[in-house]
Amino acid sequence: MEARTLELVFPEHTNPLGAAFGGFVLGLMDKVGSYAAARRAKKPVVTVAVGGVEFKVPIRTGDLLEVVARVVRVGRTSLTVEVEVYKERFGQENGRVLATKGELTYVAVNERGQPVPVDEHAGAD
């Protein structure tokens with residue numbers, strides 16, 4: 001199961017040098033990762049872990065970001081999602097570049113926020 005979105009980097013997302021704040025990028029990763037996990041679980045999910053995030057190249061004001069999240073593991077109540085952030089600069093020839101990647105873990109929950117099993121037949125990965 002997968003989810004993706006596009007986001008343009010504006011000055012309010014960056015430091016005085018024009019580089020995107022890590023928290024801004026992590027927020028996008030968490031949001032899109034949760035969409036992929038919830039689609040697979042067919043239930044609400046909450047973030048329980050963020051691990052192995054690697055900022056490979058700077059993201060700058062004006063970059064177009066494509067955030068791609070894929071469920072890579074399903075446990076009894078948890079789902080592990082690999083998230084990649086690609087950047088693209090309009091008018092540049094090097095095109096789409098992998099800027100950031102990481103792995104996030106979510107847990108499926110009920111309306112009271114308690115962990116619940118992920119339905120094994122919720123959909124193909």
Side-chain angles (χ1 to χ4, degrees):
M1 188 61 58
E2 178 178 289
R4 61 180 60 221
T5 194
L6 295 173
E7 183 81 28
L8 193 59
V9 180
F10 289 99
E12 63 266 23
H13 303 137
T14 65
N15 66 26
L17 299 176
F21 291 117
F24 166 71
V25 177
L26 286 171
L28 290 174
M29 293 173 73
D30 188 24
K31 181 168 57 170
V32 180
S34 73
Y35 297 162
R39 287 179 82 185
R40 171 59 178 86
K42 295 194 177 186
K43 295 176 173 65
V45 298
V46 295
T47 310
V48 295
V50 176
V53 175
E54 182 179 355
F55 297 93
K56 296 177 160 297
V57 295
I59 294 171
R60 304 271 183 209
T61 302
D63 286 343
L64 178 65
L65 304 182
E66 181 178 13
V67 185
V68 181
R70 291 179 193 86
V71 175
V72 294
R73 189 187 72 74
V74 178
R76 192 177 76 76
T77 62
S78 67
L79 303 101
T80 302
V81 179
E82 178 183 84
V83 183
E84 297 174 328
V85 180
Y86 295 89
K87 75 173 195 167
E88 184 176 344
R89 174 64 64 147
F90 297 122
Q92 285 190 350
E93 293 184 22
N94 59 352
R96 192 171 172 255
V97 175
L98 178 62
T100 305
K101 66 186 260 183
E103 196 172 87
L104 292 89
T105 304
Y106 301 88
V107 168
V109 296
N110 62 19
E111 61 279 351
R112 294 181 307 278
Q114 299 166 322
V116 293
V118 174
D119 182 359
E120 296 170 1
H121 304 291
D125 288 330

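For clarity, every value in this text was computed on a predicted model and none was experimentally measured.
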Could you check whether any side-chain heavy atom of [X] comes within less than 4.5 Å of a side-chain heavy atom of [Y], counting everything from C-beta outward?
X: Leu65; Y: Leu28; result: yes
X: Ser34; Y: Tyr106; result: yes
X: Ile59; Y: Thr100; result: yes
X: Val57; Y: Lys87; result: yes
X: Arg76; Y: Val118; result: no

Fill in: Distance (rounded to the nearest 0.5 Å) between Lys31 NZ and Thr5 OG1
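With rounding to 0.5 Å, NZ (Lys31) is 6.5 Å from OG1 (Thr5).
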Discussion item. Can you tell me how far apart CG (Asp119) and NZ (Lys42) are? Round to the nearest 0.5 Å.
Written reply: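 Atom-to-atom, Asp119:CG and Lys42:NZ are 8.0 Å apart.
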Discussion item. Under 4.0 Å between a side-chain nitrogen and a carboxylate oxygen: does that hold for Arg70 and Glu2?
Written reply: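 Salt bridge between Arg70 and Glu2, a charged N being under 4.0 Å from a carboxylate O: yes.
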Discussion item. Check this for me: does any side-chain nitrogen of one of Arg96 and Glu66 sit under 4.0 Å from a carboxylate oxygen of the other?
Written reply: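 Judged by the 4.0 Å cut-off on N to carboxylate O distance, Arg96 and Glu66 do form a salt bridge.
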Heavy-atom closest contact ([X] atom, [Y] atom, distance):
X: Asp63; Y: Pro58; value: OD2-O, 4.3 Å
X: Asn110; Y: Arg112; value: OD1-N, 2.9 Å
X: Ala20; Y: Val25; value: CB-CG2, 4.1 Å
X: Ala69; Y: Ala36; value: O-CB, 3.8 Å

Discussion item. Go through it in stages, so that I can follow the logic: the residues are Thr80 and Glu103, the test is side-chain contact (heavy atoms from CB on, under 4.5 Å), and I'd like the CA-CA distance, side-chain angles, deciding distance and then a yes or no.
Written reply: CA-CA 7 Å; Thr80 302; Glu103 196 172 87; 3.3 Å; yes
Fill in: Criterion side-chain hydrogen bond (donor to acceptor under 3.5 Å, both in side chains) on Tyr35 and Asp30, from CA distance to verdict
CA-CA 9 Å; Tyr35 297 162; Asp30 188 24; over 6 Å; no
When clusters are formed by joining ILVMFWY residues with side-chain heavy atoms under 4.5 Å apart, either directly or through shared neighbours, do [X] and [Y] land in the same one?
X: Val50; Y: Val71; value: yes
X: Val48; Y: Val74; value: no
X: Leu104; Y: Phe24; value: yes
X: Val85; Y: Val97; value: no
X: Val68; Y: Met1; value: no

Practice prompt. Using the side-chain hydrogen bond (donor to acceptor under 3.5 Å, both in side chains) rule, take Thr105 and Arg73 through it: C-alpha gap first, then chi angles, then the decisive distance, then the call.
Written response: CA-CA 9 Å; Thr105 304; Arg73 189 187 72 74; 5.9 Å; no
Worksheet item: Could you walk me through whether Lys101 and Val83 pass the side-chain contact (heavy atoms from CB on, under 4.5 Å) check?
Response: CA-CA 6 Å; Lys101 66 186 260 183; Val83 183; over 6 Å; no
Worksheet item: What residue among Val81, Val109, Leu79 forms side chain to side chain contact (heavy atoms under 4.5 Å, CB included) with Val45?
Response: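 Answer to the side chain to side chain contact (heavy atoms under 4.5 Å, CB included) test with Val45 among Val81, Val109, Leu79: Leu79.
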Discussion item. Determine whether Met29 and Glu84 satisfy the following criterion, side-chain contact (heavy atoms from CB on, under 4.5 Å), listing intermediate values before the conclusion.
Written reply: CA-CA 8 Å; Met29 293 173 73; Glu84 297 174 328; over 6 Å; no
Fill in: side-chain hydrogen bond (donor to acceptor under 3.5 Å, both in side chains) between Tyr86 and Glu88, intermediate numbers included
CA-CA 7 Å; Tyr86 295 89; Glu88 184 176 344; over 6 Å; no
